[in-house]
Amino acid sequence: PTSSQFVEDQLGPVLSLRSKEKQSELLRTLEELVSNVSVETIATRLGIVSKTVRYRKRNLEKLLGVNLDSIDTLSNLSLALKIRSIIGTE
């Protein structure tokens, strides 16, 4: 697949959200989750409580149909986020 197709395959359900605010929140959370730091660190970085990070993680898993505790999944999502930032995919 092309780079943009890979991004769509990995992140499509989040990128398709109608609410750009929710999309942005989930993408920022996902960017932190793929950095493989603690929930507490993510919460501090995002200025939210740990409970919200865990809630967003569950939402992302449900929306994307993935397990965010899987190294392979995190690697693919990390790559998709990087490609998206480089090519500017919406």
Side-chain angles (χ1 to χ4, degrees):
T2 65
S3 296
S4 57
Q5 184 58 52
F6 179 76
V7 171
E8 180 63 29
D9 290 348
Q10 297 297 312
L11 303 173
V14 175
L15 299 176
S16 298
L17 290 172
R18 291 180 190 229
S19 168
K20 293 300 177 190
E21 182 179 340
K22 182 162 179 97
Q23 179 189 100
S24 178
E25 286 175 355
L26 290 177
L27 286 172
R28 285 180 52 224
T29 302
L30 184 58
E31 288 169 353
E32 292 295 334
L33 288 167
V34 301
S35 70
N36 203 25
V37 295
S38 71
V39 168
E40 292 75 19
T41 300
I42 293 169
T44 301
R45 288 180 181 175
L46 296 178
I48 56 179
V49 296
S50 298
K51 186 175 179 177
T52 302
V53 174
R54 287 187 288 275
Y55 174 78
R56 288 181 185 174
K57 180 182 177 189
R58 285 191 306 274
N59 278 350
L60 283 161
E61 287 179 325
K62 201 180 296 184
L63 195 59
L64 297 173
V66 298
N67 174 357
L68 291 175
D69 293 320
S70 162
I71 298 296
D72 290 339
T73 297
L74 292 175
S75 295
N76 284 338
L77 291 171
S78 178
L79 182 58
L81 288 165
K82 287 177 185 169
I83 292 169
R84 181 177 180 268
S85 73
I86 292 168
I87 65 175
T89 304
E90 285 294 315

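Sequence positions, counted from 1, serve as the residue numbers for this chain.
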Side chain to side chain donor-acceptor pair (under 3.5 Å) involving Ser38 - partner list, sequence neighbours excluded
Thr41
Does a side-chain heavy-atom distance below 4.5 Å link Leu15 with Leu27?
yes
All side-chain contact (heavy atoms from CB on, under 4.5 Å) counterparts of Glu25, not counting sequence neighbours
Glu21, Arg56
Quick one: does Thr52's side chain get under 4.5 Å of Leu46's, heavy atoms only?
no
What one should report as the nearest heavy-atom pair of Val39 and Arg54 is CG1-NH1, 3.6 Å
Would you say Leu77 and Leu33 make side-chain contact, with heavy atoms under 4.5 Å?
no
Pairs satisfying salt bridge (charged side-chain N to carboxylate O under 4.0 Å, His left out), at least one member in residues 59-70, at least two apart:
Lys57-Asp69
Contacts of type side-chain contact (heavy atoms from CB on, under 4.5 Å), residue Leu74, not counting sequence neighbours:
Val34, Leu68
Side chain to side chain donor-acceptor pair (under 3.5 Å) partners for Thr73, two or more places apart:
Ser70
Donor-acceptor contact below 3.5 Å, side chain Ser75 vs main chain Ile71
yes
How long is the gap from CD1 on Ile48 to CZ on Arg28, to the nearest 0.5 Å?
8.0 Å
Is it true that Leu81 and Val37 fall in one hydrophobic cluster, defined by side-chain heavy atoms closer than 4.5 Å?
yes
Minimum heavy-atom distance between Gln10 and Leu64, given as atom pair plus value
O-CD2, 3.4 Å
If we ignore hydrogens and angles and just use 3.5 Å, is the side chain of Ser16 paired with the main-chain N or O of Pro13 as donor and acceptor?
no
If Ile, Leu, Val, Met, Phe, Trp and Tyr residues are connected whenever their side-chain heavy atoms lie under 4.5 Å apart, and connections chain through other members, are Leu30 and Ile87 in the same group?
yes
With sequence neighbours left out, the residues meeting side chain to side chain donor-acceptor pair (under 3.5 Å) with Gln5 are Asp9
List in chain and number order the residues that pass side-chain contact (heavy atoms from CB on, under 4.5 Å) with Tyr55, two or more places apart in sequence or in another chain; answer none if no residue qualifies.
Arg58, Asn59
In chain order, what residues pass the side chain to side chain donor-acceptor pair (under 3.5 Å) check against Glu32, with sequence neighbours excluded?
Arg45
To the nearest 0.5 angstrom, please state how far the CZ atom of Phe6 sits from the CG atom of Leu79.
4.5 Å
Taking every heavy atom of Ser50 against every heavy atom of Ala43, the minimum-distance pair comes out as N-CB, 3.7 Å
